[in-house]
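So you know, we letter chains A, B, ... as the sequences are listed, proteins then strands, and number each from 1.
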There are 2 protein chains.
Amino acid sequence: MNTNQRFAISIHALTLLAASKDPLTSESIASSVDTNPVVIRRMMASLREHGLVKSKPGAHGGWRLLREPQKIGLSEVYQCLSEDDVLSIHSHPNKNCPIGGKIKGVLQKVFGEAQVGLENALGTHTIADILEDVRARA
Amino acid sequence: MNTNQRFAISIHALTLLAASKDPLTSESIASSVDTNPVVIRRMMASLREHGLVKSKPGAHGGWRLLREPQKIGLSEVYQCLSEDDVLSIHSHPNKNCPIGGKIKGVLQKVFGEAQVGLENALGTHTIADILEDVRARA
DNA sequence: CATATTTGTAACCTTTGTAGTTACAAATAG
DNA sequence: CTATTTGTAACTACAAAGGTTACAAATATG
């Protein structure tokens, strides 16, 4: 239903940062993700706006975490990126229809609950967990 | 994150059917949803494949439910449409990287849990509930 | 200061998915 | 037979995403 790899890439990048003492460049993150450095910068900018990471331009620059990995929950990462909700409502149902006129409000409520269900499940994991899981698969 | 109104439209259409004794045509459903009848037929075809509705061509034809509305959970409706999961994984992380090589498996597990959280929340509602909620907003 | 490195960002292209639309065949009721 | 309705292919328009290039601005180092 959805195609937007930014969330997956964000987790990937944050996990790389959690595993590294030194800052990582967009270039090196892009290499592990297998994409273009600009794609990484664009995405990391959202994480930076929410205070999860910091960037430093120039020689020996790059990205680093601003918080311990066990304090970065996946629901928070998700919220850095999610402009809209996962489920979306059709825009202009017929307001003259007794059902069409009311359905949007009902769907908003129900889809909101679904969103909470999704984010609660994500919130049970942190970047530290993910790193641990990755390492356990060695 | 997502744009695909089919789930919302499916719920809308099923609610219309639940509220009607007689079969409804794609035309009349499309009118309440405010879209083209072909869009409705395409979407209803998925619901038919999963045994939720039945269609009859020809004069006095149309769509009707094959099950009582209180026995149609929203999670099931969702599953009729969801080809992919809500959260999607980036396709080709670098397998030579110690993290890139393992991240897909880890994300599959975590995203699967998130999907379950979403569907569980949806599963607490049925088409009968939705119709009731709509009517309560009169 | 000069240079190499790295982020920041705008601009553009391509691909993909979705909704919308037209057209017409096939089925069905009366 | 005729009007109605689904089934489906084919096409268009549009938007979002990822990828790419180009270049300005910032920074560490010698």
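- Here the side chain of B/K109 pairs no donor or acceptor atom with the backbone of A/D133 at under 3.5 angstrom.
- As a whole-Å value, the separation of A/I9 CD1 from D/dG18 P is 6 Å.
- Of the possible polar contacts, none joining the A/S31 side chain to the A/E27 backbone as a donor-acceptor pair under 3.5 Å is found.
- Separating the CE atom of A/M44 from the P atom of C/dT9 is a distance of 14 Å, rounded to the nearest angstrom.
- For A/R6 and D/dA17, the CZ to C1' distance is 7 Å, given to the nearest whole Å.
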Applying salt bridge (Lys or Arg N to Asp or Glu O under 4.0 Å) to B/R67 and B/E76, what does each step give before you reach the verdict? CA-CA 12 Å; B/R67 203 190 299 170; B/E76 189 176 358; 2.8 Å; yes
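- The distance from atom CD1 of A/I29 to atom C1' of C/dT7 is 12 Å, rounded to the nearest whole Å.
- Atom pair B/R48:CZ and D/dG7:C1' shows a separation of 8 Å (rounding to whole Å applied).
- Between the side chains of B/E113 and A/H125, a donor-acceptor pair is found at a separation under 3.5 Å.
- Toward the 5′ end of DNA chain D lies the nearest nucleotide of B/T25, the other residue of the pair B/H92 and B/T25 mapping further downstream.
- Atom NE2 of A/H90 is separated from atom CD1 of A/I103 by 6.5 Å, given to the nearest 0.5 angstrom.
- If you take CD of B/E27 and P of D/dA3, they are 17 Å apart, rounded to a whole angstrom.
- The separation between A/E49 atom CD and C/dG8 atom C1' is 12 Å, rounded to whole Å.
- Phosphate proximity of D/dT5 to B/S55: absent, as no side-chain N or O sits under 4.0 Å from OP1 or OP2.
- As rounded to whole Å, 12 Å separates atom P of D/dG19 from atom CG of A/N4.
- Checking A/L14, A/L16, A/V53 one by one against A/W63, the side-chain contact (heavy atoms from CB on, under 4.5 Å) holds for a single residue, A/V53.
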Nucleotides 21-30 of chain C: protein proximity per nucleotide (B base, S sugar-phosphate only, - neither; heavy atom, under 4.0 Å): BB----BBSS
